[in-house]
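Step one of this worksheet: look at the structure below.
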Amino acid sequence: MTFWVLRLLIANVMVFFLTEAVDGLWVLLALRPRLVLQQPWTPFTYMFVHAGLWHLFFNMLMLYFFGPRVEERLGSQRFIMLYLLSGLGGATLSFITPTVAIVGASGATFGVFLAYARFWPRDRIFIWGILPVEARVLVLLTTLYSLWGGTGSMGGSIAHWAHLGGYAAAFLYLYWL
């Protein structure tokens, strides 16, 4: 396990249990774009808050699988910048839906996955453990899915714009590097 991936896993799990234990903490840490001037910390804190155990599990699974290899490739300082900038990119695009509360590390982990796909585009990811999809194709499919979901076509409570913001920020950061 690499330096930042381990610490990010621990921080996300700790914040999850803390928000479960302390009434109202979730509300103080979630990003609500229309209230960002009253709660300016939330573009950072939202990426450590999760809307349930499965939400936490899948975000941390993505970080666990792809993060160490990306951190080893970029180095620890560049990796944590990638993670945080991707999360902030997710926060930025979430302003498209200013009244919706946004939580989760999805923007940040999508940014990590984009970096993974950039460095190892032909690596096969096994969806549900059986369906092999190249990393570059999976980025394309999840981008299309998030674009479609972001239009409101599907309903639900998925922060599609945060996913796209994570991809966009990671793309720009990696291009800058």
Side-chain angles (χ1 to χ4, degrees), residues 4 8-9 11-12 15-16 19 25-67 70 78-118 121 125 127 133 135-177:
W4 278 113
L8 289 167
L9 290 169
N12 276 278
V15 170
F16 174 76
T19 57
L25 184 58
W26 186 93
V27 174
L28 289 174
L29 299 178
L31 170 66
R32 289 172 297 182
R34 68 181 174 85
L35 299 177
V36 77
L37 293 177
Q38 290 90 355
Q39 298 175 321
W41 57 87
T42 59
F44 291 96
T45 58
Y46 91 99
M47 62 181 104
F48 294 95
V49 179
H50 288 83
L53 196 54
W54 286 113
H55 187 213
L56 173 71
F57 174 77
F58 284 113
N59 275 318
M60 294 306 98
L61 186 66
M62 201 165 158
L63 179 61
Y64 177 80
F65 280 146
F66 304 116
V70 172
R78 287 182 172 173
F79 175 80
I80 192 63
M81 285 301 295
L82 169 74
Y83 185 89
L84 294 173
L85 289 173
S86 296
L88 290 172
T92 301
L93 278 194
S94 294
F95 278 80
I96 292 173
T97 55
T99 61
V100 177
I102 307 295
V103 294
S106 301
T109 58
F110 269 56
V112 170
F113 180 60
L114 181 91
Y116 183 92
R118 179 183 181 270
I125 313 303
I127 307 300
V133 180
R136 64 188 178 147
V137 172
L138 192 54
V139 166
L140 176 65
L141 292 174
T142 55
T143 299
L144 293 173
Y145 177 76
S146 291
L147 282 168
W148 183 47
T151 65
S153 302
M154 298 182 318
S157 59
I158 297 173
H160 295 288
W161 294 113
H163 298 169
L164 293 169
Y167 274 164
F171 177 83
L172 292 172
Y173 180 66
L174 293 169
Y175 180 78
W176 178 77
L177 288 178

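We use all heavy atoms of the structure for the numbers below, so side chains are in, but hydrogens, waters and symmetry mates are not.
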(message) Rounded at 0.5 Å granularity, tell me how far CH2 in W4 sits from CD1 in I80.
(response) 4.5 Å
Which atom pairs, one a donor and one an acceptor, fall under 3.5 Å between side chains of residues 86-95 and the rest of the protein, sequence neighbours left out?
from : atom 1 : to  : atom 2 : distance (Å)
S86  : OG     : L82 : O      : 2.7
T92  : OG1    : L88 : O      : 2.9
S94  : OG     : G90 : O      : 2.7

(message) For the CH2 atom of W161 and the CD1 atom of I96, what is their distance to the nearest 0.5 Å?
(response) 4.5 Å
(request) List for me each residue that meets side-chain hydrogen bond (donor to acceptor under 3.5 Å, both in side chains) alongside R34, sequence neighbours excluded, and say none if there are none. (result) none
(request) Check whether any side-chain heavy atom of H50 sits under 4.5 Å from a side-chain heavy atom of T19, and report yes or no. (result) no
Can you give me every donor-acceptor pair (side chain of residues 163-172, partner residue at least two apart or in another chain, under 3.5 Å) with its distance?
from : atom 1 : to   : atom 2 : distance (Å)
Y167 : OH     : T142 : OG1    : 2.6

(request) Please name all residues satisfying side chain to side chain contact (heavy atoms under 4.5 Å, CB included) with L28, sequence neighbours left out, ordered by chain then number. (result) Q39
(request) Find the distance between CD1 (I102) and OG1 (T42) and round it off to the nearest 0.5 Å. (result) 10.5 Å
(message) Per the salt bridge (charged side-chain N to carboxylate O under 4.0 Å, His left out) rule, what does the pair list look like for residues 48-66, sequence neighbours excluded?
(response) none
(request) Report the distance from atom CZ of R78 to atom CG of L85, rounding to the nearest 0.5 Å. (result) 12.5 Å
(message) Suppose we screen for side chain to side chain contact (heavy atoms under 4.5 Å, CB included). Which residues come up paired with L9, at least two apart in sequence or across chains?
(response) M1, V5, M60, L63, Y64
(request) Calculate, to the nearest 0.5 Å, the distance between atoms OH and CZ belonging to Y46 and F48 respectively. (result) 10.0 Å
(request) Sequence neighbours left out, what passes side chain to side chain contact (heavy atoms under 4.5 Å, CB included) with W54? Give chain and number order. (result) F57, F58
(message) Less than 4.5 Å apart, side chain to side chain, heavy atoms only: is that true for L138 and I127?
(response) yes
(message) I need the H160 NE2 to Y145 OH distance, nearest 0.5 Å.
(response) 5.0 Å
(message) Holding to side chain to side chain contact (heavy atoms under 4.5 Å, CB included), I want the full list of residues that pass it with F65, two or more places apart in sequence or in another chain.
(response) L61
Only distances under 3.5 Å count here; give the side-chain donor-acceptor pairs of residues 107-118 to other protein atoms, sequence neighbours excluded, each with its distance to 0.1 Å.
from : atom 1 : to   : atom 2 : distance (Å)
T109 : OG1    : N59  : OD1    : 3.3
T109 : OG1    : A105 : O      : 3.1
T109 : OG1    : S106 : O      : 3.2
Y116 : OH     : R69  : NH1    : 3.1
Y116 : OH     : D123 : OD2    : 2.6

(message) Let's go through N12 and V15 carefully: what are the C-alpha distance in whole Å and the side-chain angles of both, what is the deciding distance for side-chain contact (heavy atoms from CB on, under 4.5 Å) to 0.1 Å, and is it a yes or a no?
(response) CA-CA 5 Å; N12 276 278; V15 170; over 6 Å; no
